[in-house]
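Step one of this worksheet: look at the structure below.
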Protein chains: 2
Amino acid sequence: MPEKVTIATVAAHAQVSRQTVSNVLNSPHLVREETRVRVQEAIATLGYRINQAARQMRTGRSRLLAVRIEPTRDGINGSVLDRFLHGLTFAAAAAGYRVMLYTADDDGDEIKTFEDLLASHELDGFVLTGTDHGDVRTFWLAERGVQFVTFGRPWDEPERHSWVDVDNADGTAQATRRLIETGHRRIGFIGWPAGSGVGDDRRDGWQRTMKAYDLDPAGLDRGAPDGIAQGAECARDLLTTPEPPTAFVCASDSLALGALQAAGGRSAVIGFDDTPVAEAIGLTSVSQPLPDAAARCIDLLIDHLDGNPVGTSQVLLKPSLVVRTTA
Amino acid sequence: MPEKVTIATVAAHAQVSRQTVSNVLNSPHLVREETRVRVQEAIATLGYRINQAARQMRTGRSRLLAVRIEPTRDGINGSVLDRFLHGLTFAAAAAGYRVMLYTADDDGDEIKTFEDLLASHELDGFVLTGTDHGDVRTFWLAERGVQFVTFGRPWDEPERHSWVDVDNADGTAQATRRLIETGHRRIGFIGWPAGSGVGDDRRDGWQRTMKAYDLDPAGLDRGAPDGIAQGAECARDLLTTPEPPTAFVCASDSLALGALQAAGGRSAVIGFDDTPVAEAIGLTSVSQPLPDAAARCIDLLIDHLDGNPVGTSQVLLKPSLVVRTTA
DNA sequence: TTGTAGGCGTTATCAC
DNA sequence: GTGATAACGCCTACAA
């Protein structure tokens, strides 16, 4: 059982006062080169590590970040969170922060958890995944001066807070371009009902690209809640029109899977999110740069925590198309 | 900006000493009913919450648990972790603990992280997901008296530490029984190469059930690394034998998906893990009770932390068969 | 049953 | 450039 190594142990070993050790740790420039080296050697040989609880008592900062873990989202699209969490944890550790998890049933419950986390553990910041229109959580946090970053932009007022997001429109544009380049002219879009920021953005990318190539998108898009059955339904609907599409761009892998089943291999299909399902069945899909997005979230958050009072920052990342066998 | 509410604030408000407040919190039985109520009212109206950092300084316990987040496991089977993490976080919160995440490249790296987490944040315990034969991590932790529970049993020496696991053999037994009851007699098994605890266990369940029904399993099983292509390969191999199977029990959804593709709808197929992929394509699959497993992990860990020195405990949970369209 | 005193490990302040 | 002192909020003796 190795005894506890505190700043006092190090100080004794290096023949300096505790304060000097603290200075080496927090304000190295104040300490003479020679002393600094001696202290650092002592730290290394003793295996000293800062006690975060004690430091937190003094500084009021915990070096803890929190992120919510969802119960299991909409099955097929859920596993995006895994990769994002890993990226967050990794990037946070590199910056000397740790990531704490919490659960919540809804926004109100989440705010209760904020209160608890803030009061009990003095959390330094939050990463929120996804924001609705007029998200109460972001207002609550901003009101109290709590730092946070969202993964997913606030559609109503983009500069209200810092966020990282993926350029959805660019993703569907890439998908549409790919289909056009492989000879398709009538390309359908299967997305979600109008009104969701993400969904509308994905539809836009398809629509704009069609027009850019002088192709008429009119009548070629359908919207339905996310799901395989819904995707199949939309695809069947489009396939029975007078001039049916020969390919589909879909707003999710779920919808794409449905389209694939409905088309029975006769149509090219591209999904969105590059979920494990896509990889499993060879579905060409738009992939979000999750580790990168996570790292940028941490960057932004830590910038704010370090008190760079630059207002808010926004980061928009480009997705990439993973070409497999369905398009 | 609400000022900081400490034990002193509460004490003043309730007209008692700080110590009495502390007693109400930690040893309520020492405090007279009337005083206790008054203090609790003060706590409620002031919204007081224990400062964990300060408490930790005194008690040496952080009420923090840690679990490793994987980079993204084997695609299709990865998303099991999501649900487990959610269960852990939920159960931990109910017991007054929080869950912290960490990443690691390998076992050695993970042990380095243990050291850091233990020294910097005084973590109370760890949940390890999966153990190899002769897992160095568990020895390291046990040696230092650090509490931990694994999800997945240590195959070489079951009682060496506490664990929670799912009865794999029971899962494949259920799958096999289902196929037999729906009329199949020649049932193949597609699993992993012999040598992995989990894989062998899943093969056992199938084999024992076949024998229990007087069916001969000889020559009906194949083993390959996990993957869709591998599953397809094994299925094709079995289907070209003189007496081919009419159904397959598979050790994973990946293998099952491959088998499904190879059989082209002519064979019944059951997978394992009930991943989103299974749900997406209607694959019948064995489902692990993840939230339950997570809760039991927390129970065990907290029992140990509370110093019930009962040695180690083991929990084996039964999986369930989710019947869909492929069997 | 309640109050008082001290210290957990760190850092900020202020002397030296 | 370095060192002493106090304080962060809490809990555990011990005393009243």
Side-chain angles (χ1 to χ4, degrees), chain A residues 2-40 42-43 46-64 96 116 118-124 307, chain B residues 2-40 42-43 46-64 96 116 118-124 307:
Chain A
E3 303 132 44
K4 208 163 265 188
V5 180
T6 78
I7 236 177
T9 326
V10 177
H13 190 96
Q15 318 244 49
V16 296
S17 74
R18 293 181 322 197
Q19 179 52 26
T20 301
V21 179
S22 176
N23 282 338
V24 171
L25 260 20
N26 303 298
S27 320
H29 59 278
L30 293 181
V31 183
R32 202 195 326 156
E33 166 89 31
E34 179 197 317
T35 319
R36 191 170 55 221
V37 171
R38 194 153 36 104
V39 170
Q40 262 152 355
I43 289 178
L46 294 171
Y48 166 77
R49 279 179 161 94
I50 294 179
N51 180 319
Q52 293 295 344
R55 161 180 275 193
Q56 177 184 344
M57 285 250 308
R58 270 312 276 163
T59 63
R61 294 189 40 187
S62 61
R63 295 180 160 269
L64 252 31
D116 184 50
L118 254 14
S120 299
H121 292 276
E122 302 181 76
L123 262 94
D124 288 344
Chain B
E3 302 133 44
K4 209 162 267 190
V5 179
T6 77
I7 235 177
T9 326
V10 178
H13 189 97
Q15 317 245 48
V16 295
S17 74
R18 293 179 320 190
Q19 177 53 26
T20 302
V21 179
S22 176
N23 281 338
V24 170
L25 260 20
N26 302 298
S27 321
H29 58 279
L30 293 181
V31 182
R32 202 196 323 158
E33 167 89 31
E34 179 197 318
T35 319
R36 191 171 54 221
V37 171
R38 193 152 38 100
V39 171
Q40 262 152 355
I43 289 178
L46 294 172
Y48 166 77
R49 277 174 163 97
I50 294 180
N51 180 316
Q52 293 295 345
R55 161 181 276 197
Q56 176 183 344
M57 287 251 309
R58 277 301 286 158
T59 62
R61 293 190 39 187
S62 61
R63 296 181 157 268
L64 251 31
D116 184 50
L118 253 13
S120 300
H121 291 275
E122 301 181 78
L123 262 94
D124 288 344

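By convention in this document, chain letters (A, B, ...) are assigned in the order of the sequence lines, proteins followed by strands, and residues within each chain are numbered from 1. Since the structure is predicted, the reported quantities are computational estimates derived from the model, not experimental observations.
Rounded to the nearest 0.5 Å, atoms CG (L46(B)) and CZ (R49(B)) are 12.0 Å apart. Distance check, rounded to the nearest 0.5 Å: CZ of R63(A) to OG of S120(B) gives 10.5 Å. Here the straight-line distance linking atom CD1 of I43(A) with atom CD1 of I50(A) works out to 8.0 Å at 0.5 Å rounding. To the nearest 0.5 Å, atom CD of residue Q40(B) and atom CG of residue L25(B) are 8.5 Å apart.
Counting only heavy atoms from C-beta outward, the side chains of D124(A) and L64(A) never approach each other to under 4.5 Å. Put simply, the side chain of T20(B) reaches to within 4.5 Å of the side chain of T35(B), judged on heavy atoms. Side-chain contact between V5(B) and H13(B) is absent, with no heavy-atom pair separated by less than 4.5 Å. A 4.5 Å side-chain heavy-atom check between V31(A) and V39(A) finds every atom pair outside the cut-off.
Applying the salt bridge (Lys or Arg N to Asp or Glu O under 4.0 Å) rule to pairs touching residues 28-39 of chain A yields R32(A)-E34(A), E33(A)-R36(A), sequence neighbours excluded.
If you take CG of L25(B) and C1' of dT12(D), they are 14 Å apart, rounded to a whole angstrom. Taking atom CG on N26(A) and atom C1' on dG9(C), their separation rounds to 13 Å, with Å as the unit. In this entry the distance linking CD1 of I7(A) with P of dC8(C) reads 14 Å, nearest Å. In this structure, NE2 of H29(A) is placed 13 Å from P of dT2(D), rounded to the nearest angstrom.
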Detail all sub-3.5 Å separations between protein N/O atoms and N/O atoms belonging to nucleotides 3-5 of chain C.
unit_1 : atom_1 : unit_2 : atom_2 : d
dG3(C) : OP2    : S17(B) : N      : 2.7
dG3(C) : OP2    : S17(B) : OG     : 3.0
dG3(C) : OP2    : T20(B) : OG1    : 3.0

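Considering only side-chain N and O atoms, T6(B) lies nowhere under 4.0 angstrom from the phosphate OP1 or OP2 of dC8(D).
Residues passing the side-chain contact (heavy atoms from CB on, under 4.5 Å) test with A12(B): none are found, sequence neighbours excluded. Considering only residues two or more places apart in sequence or on other chains, E122(A) meets the side chain to side chain donor-acceptor pair (under 3.5 Å) condition with Q56(A), N51(B).
Within residues 47-63 of chain B, the residues that place at least one heavy atom under 4.0 Å from DNA chain C are, in residue-number order, M57(B), R58(B).
Across the helix from dT1(C)-dA16(D) to dC16(C)-dG1(D), the helix axis at one end is tilted relative to the axis at the other end by 40° (nearest 10 degrees, each axis from five pairs).
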